[in-house]
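Data first, discussion second: the structure below is written as structure tokens.
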Amino acid sequence: MLSQQYYVVRSQVSGDYLVARPSADASRAFLLLFTSDHEALSYINAHNSGQSSHCRVESIATTALKATLSRWQLVGVGIVEDPLVPQIQFFQVETGSPLG
């Protein structure tokens with residue numbers, strides 16, 4: 001069985017992943033996932049152009065997501081459906097169900 005690949009944005013300076021905090025609770029961070037590398041690059045260029053040289057795009061297999069979320073103490077993932085708007089579908093680890 002093949003695992004699906006997603007793409008993440010990571011800081012070349014700190015090593016931190018690009019995350020979203022959709023609520024006022026700053027401790028609830030979601031790892032942003034992109035379905036292709038060019039969508040991740042589009043997101044960086046549209047929303048963080050001044051820092052684009054400090055970011056890199058990496059692939060991540062779905063089989064590695066749970067360990068990554070645990071290691072970085074993230075509560076779930078946000079799958080970016082449109083990098084320019086952006087439209088993001090959030091999922092919590094515990095339930096696997098969409099938020100909002």
Side-chain angles (χ1 to χ4, degrees):
M1 179 176 171
L2 298 175
S3 68
Q4 183 173 352
Q5 290 285 322
Y6 283 102
Y7 295 86
V8 294
V9 176
R10 199 161 190 189
S11 168
Q12 291 186 36
V13 177
S14 66
D16 292 339
Y17 288 101
L18 180 63
V19 299
R21 291 180 173 85
S23 68
D25 183 1
S27 67
R28 293 179 43 84
F30 294 79
L31 178 64
L32 289 181
L33 300 177
F34 299 86
T35 56
S36 65
D37 59 345
H38 67 273
E39 285 185 358
L41 292 170
S42 293
Y43 185 92
I44 293 169
N45 290 330
H47 304 289
N48 200 17
S49 60
Q51 299 296 317
S52 62
S53 64
H54 300 289
C55 298
R56 70 177 180 262
V57 176
E58 299 177 351
S59 64
I60 187 168
T62 54
T63 55
L65 281 176
K66 191 168 185 175
T68 301
L69 295 176
S70 177
R71 181 173 43 251
W72 288 87
Q73 299 177 345
L74 302 170
V75 298
V77 299
I79 299 176
V80 180
E81 296 172 347
D82 184 339
L84 300 179
V85 173
Q87 290 181 324
I88 303 170
Q89 186 75 18
F90 293 98
F91 295 89
Q92 283 185 253
V93 174
E94 303 85 62
T95 63
S97 60
L99 297 175

Residues which pass side-chain hydrogen bond (donor to acceptor under 3.5 Å, both in side chains) with Thr68, listed by chain and number, not counting sequence neighbours: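 Checked Thr68 against side-chain hydrogen bond (donor to acceptor under 3.5 Å, both in side chains); zero matches.
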Side chain Glu58, main chain Val8, donor-acceptor under 3.5 Å: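 Checking the backbone N and O of Val8 against the side chain of Glu58, no donor-acceptor pair under 3.5 Å is found.
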Test item: His47 side-chain N/O and Val85 main-chain N/O as donor-acceptor pair under 3.5 Å: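 Here the side-chain-to-backbone pair does not exist.
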Identify the heavy atoms of [X] and [Y] that sit nearest to each other, and give their distance.
X: Phe34; Y: Val9; answer: CE1-CG2, 3.8 Å
X: Ser59; Y: Gln5; answer: CB-OE1, 3.3 Å
X: Tyr7; Y: Asp37; answer: CD1-N, 3.5 Å
X: Val93; Y: Gly76; answer: CG2-CA, 3.7 Å

Which distance, rounded to the nearest 0.5 Å, do you find between the [atom1] of [X] and the [atom2] of [Y]?
X: Arg28; Y: Leu74; atom1: CZ; atom2: CG; value: 11.5 Å
X: Arg56; Y: Ile44; atom1: CZ; atom2: CD1; value: 11.0 Å
X: Leu32; Y: Phe90; atom1: CG; atom2: CZ; value: 6.5 Å
X: Arg71; Y: Leu69; atom1: CZ; atom2: CG; value: 9.5 Å

Option from Leu65, Thr63, Thr62 for which side-chain contact (heavy atoms from CB on, under 4.5 Å) with Gln4 holds: Thr62
Leu84 with Ile88, same ILVMFWY side-chain cluster at under 4.5 Å: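 Shared cluster, no.
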Side-chain touch Leu41/Val57, heavy atoms, less than 4.5 angstrom: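 They are in side-chain contact.
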Steps toward side-chain contact (heavy atoms from CB on, under 4.5 Å) verdict (Phe91, Val77): CA-CA 5 Å; Phe91 295 89; Val77 299; 4.1 Å; yes
With a 3.5 Å cut-off and sequence neighbours excluded, list the donor-acceptor pairs that the side chains of residues 14-23 form with protein atoms.
| unit_1 | atom_1 | unit_2 | atom_2 | d |
| --- | --- | --- | --- | --- |
| Ser14 | OG | Ser11 | OG | 3.3 |
| Ser14 | OG | Asp16 | N | 3.2 |
| Ser14 | OG | Asp16 | OD2 | 3.3 |
| Tyr17 | OH | Arg10 | NH1 | 3.3 |
| Arg21 | NE | Ala26 | O | 2.7 |
| Ser23 | OG | Asp25 | N | 3.4 |

Ring pair (Phe, Tyr, Trp, His ring centres under 6.0 Å) involving Tyr6 - partner list, sequence neighbours excluded: none
Criterion side-chain contact (heavy atoms from CB on, under 4.5 Å) on Phe30 and Gln92, from CA distance to verdict: CA-CA 8 Å; Phe30 294 79; Gln92 283 185 253; 4.2 Å; yes
